Amino acid sequence: MPKFLRFVCLAILFFTSVNAVASVSYHIKIRGTINPAVARYMARAIEKAEAAKADFLLIELDTPGGLVSSVREMAQSIQNAKIPVIVYTAPAGAAATSAGALLMISSHIAAMAPGTNIGAAHPVGAQGEDIKGTMAEKAVNDIAAFARSMAELRKRNIKAAGEVVTKSNSFTAEEALKIKLIDVIAPEQKILWQSIHQRRVLIGQTNITLNTNPAPTLHTVEMTLGEQVLNYLAHPNVAAILMSIGILLIYAELSAPGLGLGGILGGLCLIVAFIAFQSIPIHLGGLILLGLGAALIIAEIFVGSGGVLAFGGSIALVFGLLWVVDPAATDLRISRWLIAIIGSVSLFATLLMGYLVSRLKKQSEKALLDRGGIAGVQGRKGQVKNLDTDGKSGQILIHGELWKFVSKDRLNENDAVVVRDMHGLTLDVVRDKE
């Protein structure tokens with residue numbers, strides 16, 4: 001080759017390498033369960049990457065599974081995306097199991113690091129056992145059809161994708177690559193870029209060629225605060241804990257009324273627990289048992305059954321927690337240990353609170369008798385703390401003790417009153433005019 005032509009070729013190569021610009025891409029991490037918050041997070045990341053005209057979105061995945069409804073929503077987001085979506089299970093030790101396997105199969109490019117695994121998407125019962133019957137068969141067939149359809153769309157092994165669900169098969173990264181369930185094995189991102197450079201991806205009806213040499217510049221999209229909170233709440237264990245705390249706080253507040261702080265916090269816990277359960281597929285029967293358990297525990301305060309209602313409520317609570325999560329729609333479970341702890345604590349706490357309240361009442365009665373009955377409280381001043389709807393009865397605070405009262409006149413909370421008479425353990429009061 002003449003020296004002139006050789007010089008021209010070298011100059012072209014030099015200027016090409018100098019002017020090569022790294023592609024711009026977006027990146028998110030999914031660590032933990034797949035739920036509505038994660039689905040929204042991924043959809044928002046896709047929208048942001050598209051708006052920035054990024055070349056692709058990279059998702060680093062490590063999940064034990066989650067909601068089938070959420071992974072379906074994520075598959076739709078990937079299908080509607082205008083850019084390639086790469087799902088990369090990493091680092092070593094990470095897993096794409098259950099709903100995570102379905103997400104991998106749905107991606108434009110599925111990559112795994114050595115030492116990771118994929119599979120086990122068969123729906124199971126409330127405590128991990130096989131579910132049987134017509135509904136179980138319907139659920140398995142539906143999820144298996146979803147897996148096969150995604151595999152067919154992405155030109156992956158249709159049979160293997162279906163058996164991930166029907167037979168709960170699991171594969172190492174090497175096995176998954178061998179049977180064409182994934183596309184790439186890469187121990188780190190540098191190898192991933194080398195492996196997918198110039199790979200063609202079908203987006204809608206258009207073939208797009210990936211350019212990952214030089215290595216792309218990644219912009220990480222973080223979860224918003226709202227997504228983080230919902231992601232944390234969207235687990236049945238958290239919902240169960242919040243619900244049990246809420247019930248116990250309300251029980252304590254009704255047993256020994258005070259400033260109302262326990263009732264407020266208990267109500268907030270129940271509201272947040274309800275929001276958490278809203279993001280989880282639930283059985284109506286289990287939800288009814290939870291409501292019955294809460295009602296029976298609180299009824300113990302007013303009936304005074306000697307613990308019978310509290311015991312029945314705790315049993316209903318335990319069975320409600322066992323059955324409230326729909327196993328056909330998610331592989332998330334409430335821990336058996338947590339259920340046992342909640343049942344034991346609710347029974348013990350309600351009985352203990354009942355005992356303490358009963359003892360306090362007896363001590364109050366004894367103190368009253370020691371002071372000479374009505375003579376001991378007649379003329380004493382107190383303050384209205386709790387009013388019934390008629391405004392003429394409720395509870396007053398006298399020297400740190402709460403007493404039931406009745407009045408001929410309507411009163412307001414915090415009104416000062418004077419004890420005039422006594423009927424049993426109920427005080428007859430009038431408004432303090434001083």
Side-chain angles (χ1 to χ4, degrees), residues 12-31 41-63 74-75 77-79 81-96 100-101 103-118 150-151 153-157 171-204 206-222:
I12 292 173
L13 288 173
F14 173 78
F15 283 110
T16 301
S17 61
V18 169
N19 293 325
V21 179
S23 61
V24 176
S25 303
Y26 277 66
H27 166 246
I28 64 173
K29 291 183 179 181
I30 297 177
R31 308 287 189 201
Y41 173 44
M42 192 196 78
R44 183 171 60 85
I46 290 176
E47 292 175 0
K48 194 166 185 177
E50 289 175 344
K53 301 187 183 302
D55 292 310
F56 60 84
L57 172 69
L58 174 67
I59 301 174
E60 282 193 47
L61 182 68
D62 181 12
T63 177
M74 296 169 82
S77 295
I78 292 173
Q79 179 59 21
K82 298 179 179 63
I83 58 172
V85 176
I86 303 167
V87 178
Y88 178 37
T89 302
L103 180 61
M104 288 282 292
I105 294 170
S106 304
S107 63
H108 294 116
I109 294 179
M112 298 177 70
T116 58
N117 62 282
I118 180 175
M150 289 294 100
L153 183 65
R154 305 299 177 210
K155 309 300 180 185
R156 298 196 172 102
N157 189 324
F171 306 98
T172 65
E174 291 75 13
E175 291 169 342
L177 180 63
K178 185 176 181 180
I179 63 174
K180 297 183 180 179
L181 197 59
I182 64 171
D183 307 303
V184 173
I185 291 180
E188 57 184 14
Q189 285 187 7
K190 180 180 178 181
I191 306 301
L192 176 63
W193 306 143
Q194 295 174 2
S195 301
I196 66 174
H197 181 58
Q198 296 299 308
R199 185 181 289 265
R200 294 175 68 81
V201 179
L202 183 64
I203 305 296
T206 306
N207 276 304
I208 294 178
T209 302
L210 291 173
N211 178 21
T212 54
N213 186 18
T217 301
L218 293 180
H219 297 276
T220 301
V221 180
E222 301 291 349

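These numbers were taken from a predicted model, which means no experiment stands behind them. Any value given below was found using the heavy atoms of this structure, including those in side chains, with hydrogens, waters and symmetry copies removed.
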Point-to-point distance, once rounded to the nearest 0.5 Å, from [atom1] of [X] to [atom2] of [Y]:
{"X": "Leu202", "Y": "Lys155", "atom1": "CG", "atom2": "NZ", "result": "8.0 Å"}
{"X": "Arg200", "Y": "Ile208", "atom1": "CZ", "atom2": "CD1", "result": "10.0 Å"}
{"X": "Leu192", "Y": "Thr212", "atom1": "CG", "atom2": "OG1", "result": "7.5 Å"}
{"X": "Leu61", "Y": "Met112", "atom1": "CG", "atom2": "CE", "result": "9.0 Å"}
{"X": "Leu177", "Y": "Ile182", "atom1": "CG", "atom2": "CD1", "result": "5.0 Å"}
{"X": "Glu174", "Y": "Ile179", "atom1": "CD", "atom2": "CD1", "result": "12.0 Å"}

Compare every heavy atom of [Y] with every heavy atom of [X], then report the nearest pair and how far apart it is.
{"X": "Met104", "Y": "Ala110", "answer": "O-CB, 3.6 Å"}
{"X": "Ser25", "Y": "Ala54", "answer": "CA-CB, 4.0 Å"}
{"X": "Ser77", "Y": "Ile46", "answer": "O-CD1, 3.8 Å"}
{"X": "Val87", "Y": "Ser107", "answer": "CG2-CB, 3.4 Å"}
{"X": "Asp62", "Y": "Ala90", "answer": "CB-O, 4.4 Å"}
{"X": "Pro91", "Y": "Arg31", "answer": "CD-NH2, 3.9 Å"}

Under the ring-ring contact (aromatic ring centres under 6.0 Å, His included) rule, collect the residues that match up with Tyr26, sequence neighbours excluded.
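Result, ring-ring contact (aromatic ring centres under 6.0 Å, His included) vs Tyr26: His219.
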With sequence neighbours left out, what residues match Phe56 under ring-ring contact (aromatic ring centres under 6.0 Å, His included)?
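So Phe56 forms a ring-ring contact (aromatic ring centres under 6.0 Å, His included) with Trp193.
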Mind checking whether [X] and [Y] have side chains closer than 4.5 Å, heavy atoms only?
{"X": "Leu210", "Y": "Pro84", "value": "yes"}
{"X": "Val201", "Y": "Ile196", "value": "no"}
{"X": "Ile30", "Y": "Met74", "value": "yes"}
{"X": "Ile191", "Y": "Gln194", "value": "yes"}

Suppose we screen for side-chain contact (heavy atoms from CB on, under 4.5 Å). Which residues come up paired with [X], at least two apart in sequence or across chains?
{"X": "Gln79", "result": "Leu153, Arg154"}
{"X": "Glu175", "result": "Phe171, Thr172"}
{"X": "Ala101", "result": "Ile118, Val164"}

Determine, step by step, whether Leu181 and Ile105 satisfy the side-chain contact (heavy atoms from CB on, under 4.5 Å) criterion, reporting the C-alpha distance in whole Å, the side-chain angles of both residues, the deciding distance to 0.1 Å, and the verdict.
CA-CA 7 Å; Leu181 197 59; Ile105 294 170; 4.3 Å; yes
Is a donor on one side and an acceptor on the other found under 3.5 Å between the side chain of His108 and the backbone of Ile86?
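No.
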For Tyr88 and Ala113, indicate whether the former's side chain and the latter's backbone hold a donor-acceptor pair under 3.5 Å.
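Answer holds: no.
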Residue pairs fulfilling side-chain hydrogen bond (donor to acceptor under 3.5 Å, both in side chains) with at least one residue in residues 181-192, sequence neighbours excluded
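The answer is Glu60-Gln189, Arg156-Asp183.
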Report the C-alpha distance between Asn211 and Asp55 in whole Å, list the side-chain angles of each, state the deciding distance to 0.1 Å, and finish with yes or no for side-chain contact (heavy atoms from CB on, under 4.5 Å).
CA-CA 8 Å; Asn211 178 21; Asp55 292 310; over 6 Å; no
Val221 vs Leu57, test: side-chain contact (heavy atoms from CB on, under 4.5 Å). Steps then yes/no.
CA-CA 10 Å; Val221 180; Leu57 172 69; 5.7 Å; no
